[in-house]
Amino acid sequence: GNAFDAALAVAAMEWFTMPENCGLGGDTFAVLFDAKRDRLVAINGSGVAGTHARRETYLRQGLDKMPLAGWHAASVPGTADAFATLNREFGTRPLAELLAPALAAAERGVVVSPSMSAAIASMADKLRADPHAAAVFLPGGAALQPGTRLVSPNLVRTIRTLAVEGAEPFYTGAIATEIVRASKEADGPFESVDFAGHCTEVYEPLSTTYRGVEVVTTAPPSQGLIILEWLNLLAGDDLAALGFGSADALHLLVEAKKLAFADRVRHCGDSKFAPDTIGALLNKSYAAARR
C-alpha cells in the first residue's frame with residue numbers, strides 16, 4: 001500500500017490503544033500531498049452540530065455557552081466518511097483490509113497502557129454518567145488498570161460495519177438511526193437530517209509564507225488558521241536575537257498567539273454559515289497592523 005493506506009490502518013488501531021484521544025465517533029482533519037496528481041489537498045471530515053444545538057436551548061437551561069460534555073458537546077461524527085473518502089480518493093488497498101489488524105486486536109482485547117488507565121481515571125466522573133461508557137471503561141466501578149484488557153464488542157461490530165458496508169450506515173443507515181434514537185432518549189440535539197446531509201470536504205489547503213518557507217494547513221472549522229496568522233505576526237520580529245527559550249522570546253510567542261486565537265474566535269466559523277474572513281486575516285498587511 002501507500003502512505004494513505006498506512007495512515008488509515010494506524011488510525012484505526014488508535015481507536016483502541018488511545019481511546020482518550022482518538023475515536024470513530026470523532027472528526028478527521030488532514031493535509032496531504034497527492035503525488036499522483038502533484039497537488040496538496042486538505043480534508044475536512046467534521047460534522048455539523050445537531051438541529052437542537054441552539055443558543056436559545058442553552059439559555060433556557062441557564063447556560064451561557066454550549067456544554068463541554070454529554071450529547072450536546074458532540075457533532076455528527078465525520079470520521080467514518082472521511083476514512084471512506086481518503087480510501088476511495090487516495091488509497092490503493094481495500095478499506096476492509098486496512099481495518100483488519102485493528103479488528104483482530106480489538107477482538108482479542110487491547111492491553112491497557114499506564115497512560116490510558118490514567119486518562120480513564122481522570123475522566124471517570126464523565127464516563128460514569130453514561131452507563132454504556134461506564135461498562136467499557138469502568139468495569140466494577142473502577143478505571144481499567146494497566147495490564148488488563150480493554151474489550152468493547154459494540155465498537156468491534158461498528159468497525160466491522162465500516163469495513164464491510166462502508167460509511168453509508170453511519171449517515172443514512174442503521175448506525176445513524178441508533179445514534180439519533182439514543183440522542184432523543186437523552187434529550188440530545190440530533191435529528192436524522194443532521195446525518196443524512198453529511199459530506200466530507202476535499203479542498204485546497206490554506207497557506208502562508210514564513211521566511212521563504214510555504215506553510216499549509218486546514219481551514220476552519222479546524223484551528224489551522226491560527227498557526228498561519230501566528231507566523232505572519234512573528235515574521236517581522238527577530239526571534240533569533242531574543243535567544244531561544246528566553247523570557248522575551250516566549251513572551252512574544254505567547255502574545256502573538258493570543259492575537260491569532262482572538263481573531264479566530266471573533267471572526268471565523270463554518271464557511272457554509274459564516275462570512276469568509278480568511279483572506280483578510282491572512283493578509284500580510286493585516287498582520288503588520290496587528291503586530
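Taken together through direct or relayed side-chain contacts under 4.5 Å among Ile, Leu, Val, Met, Phe, Trp and Tyr, Ile278 and Leu231 form part of one hydrophobic cluster. Hydrophobic clustering (ILVMFWY, side-chain heavy atoms < 4.5 Å, transitive): Phe29 and Leu86 are in distinct clusters. Under a hydrophobic clustering in which Ile, Leu, Val, Met, Phe, Trp and Tyr are joined whenever their side-chain heavy atoms come within less than 4.5 Å, directly or via other members, Val41 and Tyr203 fall into different clusters.
To the nearest 0.5 Å, atoms CD (Glu229) and CZ (Arg290) are separated by 6.5 Å.
Sorted by first and then second residue, the side chain to side chain donor-acceptor pair (under 3.5 Å) pairs involving residues 239-250 (not counting sequence neighbours) form an empty list.
The closest side-chain heavy-atom distance from Phe16 to Ile159 is below 4.5 Å. Asn232 has its side chain within reach of Lys284: a pair of non-hydrogen atoms, C-beta onward, lies under 4.5 Å apart. Counting only heavy atoms from C-beta outward, the side chains of Val156 and Leu103 approach each other to under 4.5 Å.
One N or O on the side chain of Thr17 and one on the backbone of Met13 form a donor-acceptor pair closer than 3.5 Å. Under the 3.5 Å distance criterion, the side-chain polar atoms of Asp5 are matched with a main-chain donor or acceptor of Thr92. Between the side chain of Thr79 and the backbone N or O of Asp27 there is at least one donor-acceptor pair closer than 3.5 Å.
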Are Leu225 and Cys268 close enough, and set up right, to give a side chain to side chain contact (heavy atoms under 4.5 Å, CB included), and what steps lead you there?
-> CA-CA 9 Å; Leu225 177 86; Cys268 291; 3.3 Å; yes
For the pair Phe170 and Phe195, evaluate ring-ring contact (aromatic ring centres under 6.0 Å, His included) and give the outcome as yes or no after the intermediate values.
-> CA-CA 8 Å; Phe170 291 80; Phe195 289 78; 9.7 Å; no
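For the pair Glu165 and Arg160, the salt-bridge criterion is not met [side-chain N within less than 4.0 Å of a carboxylate O]. With respect to the salt-bridge test (charged N to carboxylate O, under 4.0 angstrom), the residues Arg181 and Glu185 qualify. A salt bridge is defined here as a Lys NZ or Arg NE, NH1 or NH2 lying under 4.0 Å from an Asp or Glu carboxylate O, and Arg37 with Asp34 meets this definition.
Chaining together hydrophobic side chains whose heavy atoms lie under 4.5 Å apart places Ile226 alongside Phe261.
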